[in-house]
Amino acid sequence: MQNKTIFIKTFGCQMNEYDSNRIYDSVSKLGFIKTNNQSSADCYILNTCHIRDKAKEKVYHEIGRIKKLFRNKKKPIMVVAGCVAQAENEEMVKREPFIDIVLGPQSYHKVNDLLKKHIENLKQEETEFDTISKFGYFDQIKNNNNKISAFLTIQEGCDKFCSFCVVPFTRGPEYSRPFKKILLEAEQLIQNGVKEITLLGQNVNAYSYKENSKEYRISDLINSLNQYSELERIRYTTSHPRDMTDDLIDCYSLSHKLMPFVHLPIQSGSNRILELMNRKHTVEDFFKVYERLKKINKEIEFSSDFIIGYPGETKRDFEETFKLIKKIKFINSFSFIFSPRPGTKASKLEMIDKNIAKERLILIQDELFKNQVEINKSMENTNISVLVENKLEKQNKLFGRNKYISPVIFDGSVNQVGKTVKVKIQTSNQNTLFGFVNKNMKAA
Ligand code: SAM
Ligand code: SF4
Ligand code: F3S
């Protein structure tokens with residue numbers, strides 16, 4: 001096949017970002033070359049997310065926009081991938097004939113065949129749950145990601161069935177990739193120049209792979225990655241409070257590369273709501289993990305996810321969430337109003353008043369943002385370690401992240417990309433720290 005261009009637009013979580021990169025690794029074998037120019041692409045992939053709001057409608061809206069872009073041009077091969085594709089499958093092609101291929105997350109290994117067949121003129125839909133074949137296929141294809149910081153999926157799917165969540169339906173049952181295959185992929189990334197690896201999974205700390213009567217856990221992966229001298233930082237996301245086992249907690253004292261930052265979604269500060277949500281953990285369980293980690297290293301900071309206005313949430317439940325946020329000064333967090341997802345248990349429940357939910361969200365976000373501003377302010381006039389990721393396109397500045405994953409924009413030289421440098425922080429806002437490389441300080 002002659003070289004053709006492909007544009008991939010990614011919505012949703014980090015796993016979708018990882019998947020988009022791997023899809024690209026696959027289609028490049030067919031001669032597709034990535035383009036940033038969406039209006040001239042030969043193939044357009046929308047990698048979609050179904051977690052909240054009117055996800056399906058947003059996708060059709062986006063396709064309407066793409067149609068307009070190509071009104072006077074040859075139509076691209078239009079692929080809808082990701083979690084909306086999984087949930088909607090062939091319905092999508094029926095409703096929107098502009099779509100040529102619908103590809104669920106467990107069928108990405110079929111992307112090359114589907115594209116080849118499409119060129120022979122067939123409409124197609126692939127939304128089987130076939131996780132093993134998918135990873136088996138991608139294990140044969142080199143991961144070409146050469147960014148300084150890269151994602152690496154180790155586990156996919158979820159068996160927990162929180163009553164609000166669509167993930168078990170779109171990503172299927174929990175599946176953990178073979179331990180050695182993950183390390184082989186990590187080695188590829190490190191050879192490409194990657195300095196930071198974030199292990200990914202919808203329930204990343206539920207990772208469990210059994211071979212020759214040994215069970216490998218995420219702690220084994222972290223301890224193995226720790227041995228690669230060129231790798232500087234290790235992170236993982238998203239973890240579930242119930243799976244924060246002792247071996248993982250111990251990693252914080254054993255691995256100096258594991259960043260002292262834990263994203264641990266709690267969703268609510270009320271045990272009553274947690275039970276209704278079928279979260280399988282209590283506020284007290286969460287605090288136990290928090291306290292144990294703080295005891296190992298008081299520098300460890302936390303972020304979390306909150307759902308506000310879950311059906312049945314009373315003023316008192318909300319106040320408990322607010323109290324929790326005041327107590328654990330989360331370094332940053334995501335908070336959302338409950339959104340009923342098709343097929344989930346909670347979608348059948350009576351919603352609380354929209355305005356009350358909105359008011360509560362504002363209150364909670366004000367408090368979360370206030371923490372964020374304070375924490376960032378406390379870093380002003382200090383020297384912090386930053387892994388330099390890239391030079392910003394439009395500014396003569398470098399971009400990197402501190403150990404807590406906060407973005408840092410600063411003056412420095414391009415040859416510092418890929419290195420960990422000491423940055424003197426001068427100013428900050430809610431999301432970002434600003435400064436310059438302090439040449440008088442030794443890099444960490
Ligand atoms: N596996 C993670 C966990 O157990 O917390 C969460 C994964 S989910 C992709 C990311 C976040 O989206 C959740 O933590 C939750 O706060 C939010 N979320 C999921 N379903 C939601 C819904 N129906 N309405 C609002 N927020 C939702
Ligand atoms: Fe969704 Fe709950 Fe599974 Fe997280 S643990 S992915 S919130 S069902
Ligand atoms: Fe969205 Fe699917 Fe991720 S629903 S959050 S893209 S697992």
Side-chain angles (χ1 to χ4, degrees), residues 9-20 23 46-56 58-59 80-88 103-106 108 127 131 151 153 155-175 200-207 236-244 262-269 273-274 276-281 285-286 289 302-311 313 321 330 333-349 351-352 357-358 360-361 364-365 368:
K9 185 159 181 171
T10 309
F11 298 89
C13 63
Q14 293 101 327
M15 192 166 284
N16 263 11
E17 259 187 66
Y18 172 84
D19 289 342
S20 289
I23 289 173
L46 267 190
N47 197 359
T48 60
C49 171
H50 204 42
I51 202 80
R52 270 179 301 278
D53 306 323
K54 301 179 177 75
K56 188 171 73 175
K58 280 188 195 158
V59 172
V80 179
C83 292
V84 177
Q86 183 61 48
E88 289 295 305
L103 193 60
Q106 269 65 40
Y108 293 156
T127 47
T131 327
F151 296 127
T153 293
Q155 179 277 345
E156 188 164 355
C158 182
D159 294 337
K160 291 199 170 65
F161 289 92
C162 299
S163 31
F164 54 81
C165 185
V166 81
V167 169
F169 306 99
T170 61
R171 293 278 173 169
E174 246 170 54
Y175 169 76
L200 291 185
Q202 269 93 22
N203 270 270
V204 74
N205 54 346
Y207 176 83
Y236 61 89
T237 201
T238 296
S239 37
H240 189 283
R242 205 186 64 173
D243 296 313
M244 290 300 293
V262 186
H263 179 63
L264 197 57
I266 183 163
Q267 316 298 355
S268 170
I273 294 293
L274 290 177
L276 290 175
M277 287 176 165
N278 189 30
R279 279 292 289 179
K280 303 181 175 75
H281 64 81
D285 296 333
F286 188 91
V289 173
F302 291 75
S303 74
S304 199
D305 292 348
F306 297 91
I307 295 181
I308 305 301
Y310 185 79
E313 184 190 76
T321 303
F330 293 101
S333 283
F334 300 98
S335 44
F336 317 94
I337 289 182
F338 166 73
S339 165
R341 308 314 296 134
T344 61
K345 272 197 176 161
S347 66
K348 297 177 193 87
L349 303 174
M351 300 269 285
I352 74 158
K358 269 190 200 155
R360 289 179 183 168
L361 184 75
I364 224 122
Q365 290 192 334
L368 288 166

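Order of listing sets the numbers, starting from 1, for every ligand and every atom in it.
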Among protein heavy atoms, which lies nearest [atom], and at what distance?
| atom | answer |
| --- | --- |
| atom 4 (S) of ligand 3 | His50 N, 3.2 Å |
| atom 23 (N) of ligand 1 | Ser339 O, 2.7 Å |
| atom 1 (Fe) of ligand 2 | Cys165 SG, 2.3 Å |
| atom 9 (C) of ligand 1 | Ile51 CD1, 3.6 Å |
| atom 12 (O) of ligand 1 | Arg52 NH1, 3.2 Å |

About how many Å separate [atom2] of [Y] and [atom1] of [X], when rounded to the nearest 0.5 Å?
| X | Y | atom1 | atom2 | result |
| --- | --- | --- | --- | --- |
| Ile364 | Ile337 | CD1 | CD1 | 11.0 Å |
| Leu349 | Tyr310 | CG | OH | 5.5 Å |
| Arg341 | Thr170 | CZ | OG1 | 10.0 Å |
| Phe336 | Arg52 | CZ | CZ | 3.5 Å |

Report the part of Thr238 in contact with ligand 2, treating N, CA, C, O as backbone and CB onward as side chain, heavy atoms under 4.0 Å; options are side chain, backbone, both, neither. neither

Heavy atom of Met15, distance to ligand 3 below 4.0 Å: no

Donor-acceptor check, side chain of [X] to backbone of [Y], threshold 3.5 angstrom: yes or no?
| X | Y | answer |
| --- | --- | --- |
| Arg279 | Ser268 | no |
| Ser335 | Leu361 | no |
| Tyr236 | Val262 | no |
| Glu313 | Ile273 | no |
| Asn205 | His240 | yes |
| Ser347 | Pro340 | no |
| Asn203 | Cys158 | no |

Presence of N, O or S from Cys13 under 2.8 Å of atom 3 (Fe) of ligand 3: yes

With a cut-off of 6.0 Å (strictly less than), are more than 12 heavy atoms of other residues, nucleotides or ligands near CZ of Phe334? no

Just wondering, more than 12 heavy atoms not from Lys280 lying within 6.0 Å of its NZ? yes

Check for me whether Arg279 has a heavy atom closer than 4.0 Å to any atom of ligand 2. yes

With a 4.0 Å cut-off on heavy atoms, is Ile337 in contact with ligand 1? yes

For ligand 1, is there an atom lying under 4.0 Å from some heavy atom of Arg279? yes

Near [X], which atoms of ligand 2 are under 4.0 Å from a heavy atom of that residue?
| X | value |
| --- | --- |
| Asn203 | 3 (Fe), 5 (S) |
| Pro168 | 8 (S) |
| Val167 | 6 (S) |
| Cys162 | 2 (Fe), 5 (S), 7 (S), 8 (S) |
| His240 | 5 (S) |
| Phe164 | 7 (S) |

Given [options], identify the one with the heavy atom nearest to [atom].
| atom | options | result |
| --- | --- | --- |
| atom 21 (C) of ligand 1 | Phe338, Phe164, Phe336, Phe306 | Phe164 |
| atom 5 (S) of ligand 2 | Cys158, Cys13, Ser163 | Cys158 |
| atom 14 (O) of ligand 1 | Thr344, Thr238, Leu264, Asp305 | Asp305 |

Check this for me, if you would: do Lys160 and Asp243 make a salt bridge, where the nitrogen-to-carboxylate-oxygen distance has to be below 4.0 angstrom? yes

Can you name the closest pair of heavy atoms from Thr48 and Asn16 and give their distance? O-ND2, 2.9 Å

Could you pull out the closest heavy-atom pair between Ser20 and Asn47, with the gap in Å? OG-ND2, 3.0 Å

Mark up the atoms of ligand 1 that fall under 4.0 Å of a heavy atom belonging to His240, in ascending order. 4 (O)

Numbered atoms of ligand 1 (with element) below 4.0 Å of Arg341, judged on heavy atoms: 23 (N)

So, is Ile307 polar-close to ligand 1, with some N/O to N/O distance under 3.5 Å? no

Nitrogen or oxygen atoms of Asn203 and ligand 1 under 3.5 Å apart: no

Indicate whether atom 7 (C) of ligand 1 is within a distance of less than 4.0 angstrom of some protein heavy atom. no

So, applying side chain to side chain donor-acceptor pair (under 3.5 Å) with His263, which one of Ser303, Ser239, Ser333, Ser304 is it? Ser303

Test side chain to side chain donor-acceptor pair (under 3.5 Å), reference Gln106, set Gln86, Arg171, Glu156, output is Glu156

Ligand-residue contact atoms, ligand 3 with [X], heavy atoms, under 4.0 Å:
| X | answer |
| --- | --- |
| Cys49 | 1 (Fe), 4 (S), 5 (S), 6 (S) |
| Asn16 | 6 (S) |
| Gln202 | 7 (S) |

Under 2.8 Å from atom 2 (Fe) of ligand 3 - does any N, O or S atom of Cys83 fall there? yes

If you measure from each non-hydrogen atom of Gln202 to ligand 1, which part falls under 4.0 Å: side chain, backbone, both or neither? backbone

Heavy-atom distances under 4.0 Å are what count here, so tell me which part of Gln267 touches ligand 1: side chain, backbone, both or neither. side chain

